[in-house]
Engineer: 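Starting off with a structure, shown below.
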4 protein chains.
Amino acid sequence: MSKVQKNKIKKESSLISSAFELFSTKGINETSISNIVHKAGVAKGTFYLYFKDKYDILNKIILNKSSNLLIESMNATKSKNFTNYEESVLFFIDYIIEYFNNNKFMLKLIYKNLSWGILKKASNEYEGIHEIYDFFMTLYKDSAINQQDVEKTLFIIIELVGSVCYSSIILNEPDNIDKMKPILFDTIKKII
Amino acid sequence: MSKVQKNKIKKESSLISSAFELFSTKGINETSISNIVHKAGVAKGTFYLYFKDKYDILNKIILNKSSNLLIESMNATKSKNFTNYEESVLFFIDYIIEYFNNNKFMLKLIYKNLSWGILKKASNEYEGIHEIYDFFMTLYKDSAINQQDVEKTLFIIIELVGSVCYSSIILNEPDNIDKMKPILFDTIKKII
Amino acid sequence: MSKVQKNKIKKESSLISSAFELFSTKGINETSISNIVHKAGVAKGTFYLYFKDKYDILNKIILNKSSNLLIESMNATKSKNFTNYEESVLFFIDYIIEYFNNNKFMLKLIYKNLSWGILKKASNEYEGIHEIYDFFMTLYKDSAINQQDVEKTLFIIIELVGSVCYSSIILNEPDNIDKMKPILFDTIKKII
Amino acid sequence: MSKVQKNKIKKESSLISSAFELFSTKGINETSISNIVHKAGVAKGTFYLYFKDKYDILNKIILNKSSNLLIESMNATKSKNFTNYEESVLFFIDYIIEYFNNNKFMLKLIYKNLSWGILKKASNEYEGIHEIYDFFMTLYKDSAINQQDVEKTLFIIIELVGSVCYSSIILNEPDNIDKMKPILFDTIKKII
DNA sequence: GATGAATGAGAATTCATTCAT
DNA sequence: AATGAATGAATTCTCATTCAT
């Protein structure tokens, strides 16, 4: 990789990490492109060489962070070599919950963006995402339920986890995450 | 009520309905206070007599609209005189889903703000909200499960419905609401 | 005095004292009529029944406060029955300085407004102000210097005291008031 | 100096001179940033590239103008090669008075801001200001009085001149500047 | 006399975007 | 490719003043 190429990547990732930190701490509406380039230590014009506008960099961040989280969770789950579906799903979910519990900023940022739409988009760009589908499908292969319903159920679970995490971790409503977890896991068990 | 008092209420509700329509159609970020007062036909300064800023009026709208929806759903459910809990819950949920299906703008606006936190705040201001708790608690009174867990389960169901509605009605992900409903209802049946 | 009359005076003085406190603490530019009426506990329209605008009430305050200060100083000086001019003047000056030293807010507020112009205006409205002239003129009556020059010298002294007080008490420049006093008094002695 | 640098200086000084003229003619409170940028022929945002707010540009103007005046007065005095202190001081003062007499706007603007505090701040930024101290100190070197008292006396004289000029030139109180000058000079002679 | 809701002009300030260097 | 000065439209918010009650 040439020096110029390296420099470009350095600038882009500097912009991304600066934007992420500002979005997390100040909020998206309150973060301006000026803020981002200042923190990143690059010129204003440079921003537009890499991103269209604030929402472009935001979407790229969300896609990147949530894909990484899902892939990480999947790999951790795989490495455990669970033999039944339920155990796998619960471990996968718990991994995500704990991540959010330790990264409240990220939960705030990607809250309501960890959705099917994002996942589908991501699967084009991030190798590894489609593996997640495959993984869960495999686990379910002996079931009588058809594939499409498995997908929808998986979707419902992910939506549920996101909502409950946000409400309990960020707002402590209706209770903190440790109190909610048993009920949530119980609910998931009932679902699958 | 004096002429002045009547006029005040007229101005405030004019601002609220104008803001709601603009938020729904243009989006929140794209709606300015100038837009709102222009549509409401009042002077700019008048806005600040009633609301602190854009987010103040937004929160008041969300609180008001979601409270009304819940109370309406509850009343509709009550009038059916169901004898078992499951039927009641499903009817209640279906009422909400159909409302969202017919009022996509409102779904967008109060997207995932139909939450426990909102409900708690609302129960101070909107008489009728705490009736919802009471209603569901009564239905469950014969169950062995303790009250707090009933509350949490109810919370989980409401969160789930909000998320699934948004994703399926607005984004058509992973499928449209009619395809999602059976799975969603099946899931809820499993939960309760 | 009728109840109505009493009420009017109460409102006016409430406005004056509120304005004085706000001007002193927040500064003149940063004080609005809204602030004043809010603090005074009267309606906005009421302000305009008593004063033309912010600068009207400000001028009235300055006139009132500085006249009172001068009359107070003069009376205190008179009561000492000094037999020579120098002692009288220095006591008079010292009284003013100490007042400012203990009322920094007032020094800030009336700074540069304790001038001949104000005094002249005041002498029409505040009985007692012209006594100050008379008092100093009497003290100087045996001098060979003509009356007009006495007046100008007195003016110069007052201007000097005002400037030095502001600079030393508020800004501590070039030194604090206790360090400046000997030099200031020495200077005044040389002048008279 | 690059083209860009030249252009920056042109814009900044255009803003400064526009602001000065507006402050002088309309008054500070009545001058808005809109007025300034319009007169300067630059965009509104440009103002904020150079100054924090109206008071920032005002302070910079006062600092600049009063420093220049003092340096100019000093140089004029130096060029006369006076041999005694009194003559020097009186010439220096007279130069300032005449300047104010011919530039009433500037007198109004920097009214009583021609003070020690300003001088001290200025001496960091404007080379030549500390020369004024040195110059007067040198003249006084044979005197028995200690340096600090010379400084304070100089301060008192400058404060006095500022106050008297404002009152007599702007307000004609207690008399016009020509009538006041003999008394003022007489007073200064007594002081030194 | 007193009130305070309403006004709307206008002030301050921000910010995405451009473009000459 | 990178810069950052400049833009000016847009936005928020304030506030003196009025006037119907």
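Throughout, protein chains are lettered first and strands after them, A, B, ... in sequence-line order, and every chain is numbered starting at 1. Below, all heavy atoms of this structure are taken into account, side chains as well, without hydrogens, waters or symmetry copies.
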Engineer: Look at the side-chain N and O atoms of A:Ser34 and state whether any lies under 4.0 Å from the OP1 or OP2 oxygen of E:dC15.
Structural biologist: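 For E:dC15, neither OP1 nor OP2 has a side-chain N or O of A:Ser34 closer than 4.0 Å.
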Engineer: Please give, in whole Å, the distance from F:dA5 P to D:Ile9 CD1?
Structural biologist: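 Distance check: D:Ile9 CD1 to F:dA5 P gives 13 Å.
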Engineer: Would you say F:dT21 has OP1 or OP2 under 4.0 Å from some side-chain N or O of B:Lys3?
Structural biologist: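 It does, given that an N or O in the side chain of B:Lys3 lies less than 4.0 Å from OP1 or OP2 of F:dT21.
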Engineer: Whole-Å distance between F:dA9 P and D:His38 NE2?
Structural biologist: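 Answer to the nearest Å: 14 Å.
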Engineer: Is it the case that over 12 heavy atoms from other parts of the model lie below 6.0 angstrom from the CD atom of C:Glu21?
Structural biologist: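 Counting other residues, nucleotides and ligands, CD of C:Glu21 stays at 12 neighbours or fewer.
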Engineer: Check whether any side-chain nitrogen or oxygen of C:Thr46 sits under 4.0 Å from OP1 or OP2 of E:dA2, and answer yes or no.
Structural biologist: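 Result: no.
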Engineer: Nearest heavy atom decides the nucleotide; on that basis, is A:Ser32 or B:Ala43 closer to the 5' end of DNA chain E?
Structural biologist: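 Mapping each residue to its closest nucleotide by heavy atoms, the 5'-most match is B:Ala43.
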Engineer: Reckon D:Phe47 touches a base, only the sugar-phosphate, or nothing at all at heavy-atom distances under 4.0 Å?
Structural biologist: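 If one applies the 4.0 Å heavy-atom cut-off, D:Phe47 turns out to touch nothing in the nucleic acid.
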Engineer: For D:Asp53, which residues count as a salt bridge (Lys or Arg N to Asp or Glu O under 4.0 Å) partner, sequence neighbours excluded?
Structural biologist: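 So D:Asp53 forms no salt bridge (Lys or Arg N to Asp or Glu O under 4.0 Å) with any residue.
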Engineer: May I ask you to evaluate whether D:Asn7 reaches the phosphate of F:dA6, defined as a side-chain N or O under 4.0 Å from OP1 or OP2?
Structural biologist: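 Yes, because at least one side-chain N or O of D:Asn7 sits under 4.0 Å from OP1 or OP2 of F:dA6.
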Engineer: Tell me whether the count of non-hydrogen atoms from other residues, nucleotides or ligands lying under 6.0 Å of NZ in B:Lys10 goes above 12.
Structural biologist: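 At most 12 heavy atoms, drawn from other residues, nucleotides or ligands, come within 6.0 Å of this atom.
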Engineer: Measuring from the side chain of D:Lys8 (C-beta onward, heavy atoms only), which nucleotide among F:dA6, E:dA12, F:dA1 has the closest atom?
Structural biologist: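 So the side chain of D:Lys8 is nearest to F:dA6.
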Engineer: Is the distance from OP1 or OP2 of E:dA6 to the nearest side-chain N or O of B:Tyr50 less than 4.0 Å?
Structural biologist: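 Yes.
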Engineer: Grab the NZ-C1' distance between D:Lys44 and F:dA9 for me, whole Å please.
Structural biologist: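 One finds 9 Å between C1' of F:dA9 and NZ of D:Lys44, rounded.
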Engineer: Using whole Å, report how far CZ of A:Phe51 lies from P of E:dA16.
Structural biologist: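 For the pair A:Phe51 CZ and E:dA16 P, the rounded distance is 15 Å.
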Engineer: With heavy-atom distances below 4.5 Å as the criterion, would you say the side chains of D:Leu109 and D:Leu58 are in contact?
Structural biologist: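 When only atoms from C-beta onward are counted, D:Leu58 and D:Leu109 do touch, with a gap below 4.5 Å.
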Engineer: Just the rounded figure in Å: distance from P of E:dT7 to CG of B:Leu49.
Structural biologist: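 Taking CG of B:Leu49 and P of E:dT7, I get 9 Å after rounding.
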Engineer: What is the nucleic acid contact for C:Val37, judged by heavy atoms within less than 4.0 Å: base, sugar-phosphate only, or nothing?
Structural biologist: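 Nothing, no nucleic acid heavy atom in range.
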Engineer: How long is the span from the CG atom in A:Asn35 to the NZ atom in A:Lys39, to the nearest 0.5 Å?
Structural biologist: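 It is 9.5 Å, given to the nearest 0.5 Å.
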Engineer: Rounded to whole angstrom units, what separation is found between the CD1 atom of D:Ile36 and the P atom of E:dG10?
Structural biologist: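 Atom-to-atom, D:Ile36 to E:dG10, this comes out as 17 Å.
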Engineer: Roughly, in whole Å, what's the span from CG in B:Asp56 to C1' in F:dC13?
Structural biologist: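 Answer to the nearest Å: 14 Å.
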Engineer: Can a side chain N or O of A:Lys11 be found less than 4.0 Å away from OP1 or OP2 on F:dT3?
Structural biologist: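 Affirmative; the distance criterion is met.
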Engineer: Which residue lies toward the 5' end of DNA chain E, B:Val42 or A:Asn29, if each is placed at its nearest nucleotide?
Structural biologist: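 Going by which nucleotide is closer to the 5' end, it is B:Val42.
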Engineer: Given a 3.5 Å cut-off on both pairing distances, which stems involving DNA chain E, each at least three consecutive Watson-Crick or G-U pairs, are present, if any?
Structural biologist: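 The stems that DNA chain E takes part in, listed by first number, are E:2-21 with F:2-21.
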Engineer: Here's a test of your reading of the structure: between B:Ile33 and D:Val4, which maps to the more 5' nucleotide of DNA chain F?
Structural biologist: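 The residue mapped nearer the 5' terminus is D:Val4.
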Engineer: Rounded to whole angstroms, how far apart are NZ on C:Lys6 and P on E:dG1?
Structural biologist: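 Atom-to-atom, C:Lys6 to E:dG1, this comes out as 18 Å.
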Engineer: Going by heavy atoms in the side chains, are A:Leu107 and A:Asn103 under 4.5 Å from each other?
Structural biologist: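 No, too far: nothing below the 4.5 Å cut-off.
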Engineer: Are C:Asp56 and C:Tyr48 linked by a side-chain donor-acceptor pair shorter than 3.5 Å?
Structural biologist: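 No, C:Tyr48 and C:Asp56 have no side-chain donor paired with an acceptor closer than 3.5 Å.
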Engineer: Under 3.5 Å, is there a donor-acceptor pair linking the side chains of A:Lys44 and A:Ser34?
Structural biologist: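 Yes, a side-chain donor-acceptor pair sits under 3.5 Å.
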Engineer: Need to verify one output field. Residue with the more 5' nearest nucleotide on DNA chain F, A:Gly41 or C:Asp53?
Structural biologist: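 Looking at DNA chain F, the more 5' nearest nucleotide goes with A:Gly41.
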